[in-house]
Amino acid sequence: MAPAQTRARPLASAPSASSFSRALVYHHDDTSSPSSSSSEDEEEEEEEPVLLTGRRGGVVRGAEEGGRSKEEKQEEPEAVEPASEAVSGKKKTAPITLSLKRVCKVCKGTGHEAGFRGATYIDCPKKPCFLCKMPGHTTISCPHRVAVEHGTFPARCRESTQTHLDFVFERQLRGKLPVLKSSFVIPDQVDCGVVRFHSRRVTCLEFHPTKNSVLLSGDKKGQLGIWNYGKLHEKTIYGSIHSCILNNMKFNPANDGVLYTSSSDGTVHCTDIETGISSCLMDLNPDGWNGPASWRMFYGLDVHSEKSLLLVADNFGYLYLTHPHFCMILMFIFCHNVFSVDARSQSKVGDPMLIHKKGSKVVGLHCNPVQPDMLISCGNDHFARIWDVRQLEDGSSLCSLAHSRVVNSAYFSPLTGSKILTTSQDNRIRVWDSIFGDLDHPSREIVHSHDFNRHLTPFRAEWDPKDPSESLAVVGRYISENYNGVALHPIDFIDTSTGQLLAEVTEPQIMTISPVNKLHPREDILASGSSRSIFIWKPNETEESDEGKSKRKSKEFVVMGAEKKCKGKLEADSDDDFDLDSKGKKPKSQKYDRKKNAKAYEELW
DNA sequence: AAAGGATGGTGCC
DNA sequence: TGGCACCCCTCCTT
């Protein structure tokens, strides 16, 4: 009954004054009193400062660059007279004044500075809010950040209710709909293990459909990891199936030993996960590399559960359908060395069909769990589109769900398929309800920080497959939060029916952003991919929430592969030559001091 | 310890 | 329509 335990989130601490080090060169008549220590946040004068970059050595370089002596640091910058050539381009008669002023690294303006102050990130006030993208405020004061419902727009459709349809729904459906779970079980403890065998960032995760403690993971290098988090020494790595980003994976619903994978190397593979024998079902670049403009990649992938139909989509807006069972037969033949054939020549690939704007990436495909002929696709043309697989033609989409930016993912709800959850790069998660809504508008928009960052795997909000009310969703958060002096990026659990943030789970081991999250289909387990690591979360079993202290019991973290070392009782494999380019070093400091951050966390507990 | 790089979407021309 | 500059709380290697 107890609601999910969440770590207390302290209010963002006020930024402490810090020293600023950039040196600016002003003309003397530009400003009379350049040192304006008391008016930090005031608008500075309109005059453009001239930023002198290093030509005059120590005189103008800031302390950060190490160019200033102690005396220079102590002297608050009043007026320095550099040689006239230092301000070449300016009239040599004009005396200039040096002033150390704060320069914002975001907008290059003065009078403020963006960046971390301790564990709190201060936004540039000249930019729109980093969270909701609206001007006039920053993330710290964003109404969507401090709102109880964590930035929710109420349903826009059916506001003026009481149509005939509503009465019908009310009388016939409402009573049959499952009541909202009284409490959600949130896996908020990393107790099973930490796996670091990927040498590049994790791009996708998938639980085995029948074996409860088997997880599959793909990475940016194309490597596929299969590991049993119940017995951590049982792991398998297939490194030669794909040569770059493994974008999506899906099990064959008819045979849980067979996995389909799509990759940016332009191939779709079908792999027997027991033997590792893999067969290429499709290759979009049979002629090899002819430059980036023509290289095709596979992104979205799903399997039609009833027709043994494989659906994949590429980065040019096309959808491909194929019947992979032919290839499975051929794989069997390969396995037994009966004879050699080229699987590609035998696989039945239909003509590709344009389902999104030509030339745009189709990043997600999902078949409706109840009516698998209903397909949803999403992509870089800012749309998610619903299709009937039986009647696929150009422009035959049943419905187009408009977004203001790229749509990272679109999923039907796992049980009834009546709701759709989309994640867009406009920092909003949307729920589209095909029963109580009309799909012209989302029934709910939830502001949530999952900005696009080219160096991260795109964030995708996912349903909890076990939630009978089909309302719980999990998604990683981009912006960090100040947790008693430590900057951490939590994983958020959101009740999409209300927009309420149910839990934000954090862990001191996880200093990095966790864009990839997968909830177990049967157990209360969360797998999250954060940078190159995978974490398995379980619900906190110690009910006492003595400010979280009881949570800090000793854990059996198991670190495998890349770091070549192991903590805890279980032994990591030592013969792991999988990760060649990792030296097992600890992460170095980031933009804010990560070591300090970690230390602060340790002290905190 | 600081610099650099990988790298995709966007908006402007 | 193509080319190109720009980017903001990354993360890892050199």
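On a predicted model such as this, the values are computed, not experimentally measured, just so you know. Here is how names work: the chains are called A, B, and so on, in the same order as the sequence lines, proteins then strands, and each is numbered from 1.
When the P atom of dT10(B) is taken as reference, atom NE2 of H403(A) falls 13 Å away, rounded to whole Å. Regarding H112(A), its NE2 atom lies at a distance of 13 Å from the C1' atom of dC8(C), rounded to whole Å. Atom CG in D451(A) sits roughly 15 Å away from atom P in dC7(C) (whole-Å rounding). In this structure, Q425(A) atom CD and dG9(B) atom P are separated by 7 Å, rounded to whole Å. Across the protein-nucleic acid pair, N453(A) atom CG and dG5(B) atom P stand 18 Å apart, rounded to whole Å. The distance from atom CE of M511(A) to atom P of dC9(C) is 18 Å, rounded to the nearest whole Å. The NE2-P distance, from H455(A) to dC8(C), rounds to 11 Å in whole Å. Here the C1' atom of nucleotide dC8(C) and the CG atom of L456(A) are 12 Å apart, to the nearest Å.
Among the atoms of the strands shown, none is found under 4.0 Å from any heavy atom of K358(A). Residue R201(A) is classed as having no contact, given no heavy-atom separation below 4.0 Å to the nucleic acid. At the heavy-atom level, N380(A) lies under 4.0 Å from the strands shown only through sugar-phosphate atoms. Counting non-hydrogen atoms under 4.0 angstrom, I513(A) reaches the backbone sugars and phosphates but no base.
Between D219(A) and R200(A) there is no salt bridge, since no side-chain N of the basic residue sits under 4.0 Å from a carboxylate O of the acidic one. Note on R444(A) versus D495(A): no salt bridge recorded, every NZ/NE/NH1/NH2 to OD/OE distance being 4.0 Å or above.
Candidate nucleotides dG9(B), dC8(C), dC9(C) were compared by shortest atom distance to the side chain of K361(A), and dG9(B) ranks first. You'll find that the side chain of R532(A) is closest to dT13(C), out of dC11(C), dT7(B), dT13(C). Closest approach to the S531(A) side chain among dC9(C), dC12(C), dG8(B) is made by dC12(C) (side chain taken as heavy atoms from C-beta onward). In this structure, the nucleotide among dC11(C), dC9(C), dC7(C) sitting nearest to the side chain of R454(A) is dC7(C). When each of dG8(B), dT10(B), dC9(C) is scored by its nearest atom to the side-chain atoms of Y478(A), the top-ranked nucleotide is dC9(C).
Side-chain rings of W432(A) and H403(A) approach one another, their centers coming within less than 6.0 Å. Aromatic rings from Y121(A) and F130(A) are positioned such that their centres are separated by 6.0 Å or more.
For dC11(C), the base has no donor-acceptor partner in the side chain of T512(A) [N/O atoms by modelled type, under 3.5 angstrom].
Using a 4.5 Å heavy-atom cutoff, the side chains of K235(A) and I237(A) are in contact.
Using atom P as the reference point in both dT7(B) and dT14(C), the two lie 16 Å apart (nearest Å).
Phosphate proximity of dT7(B) to K220(A): present, with a side-chain N or O under 4.0 Å from OP1 or OP2.
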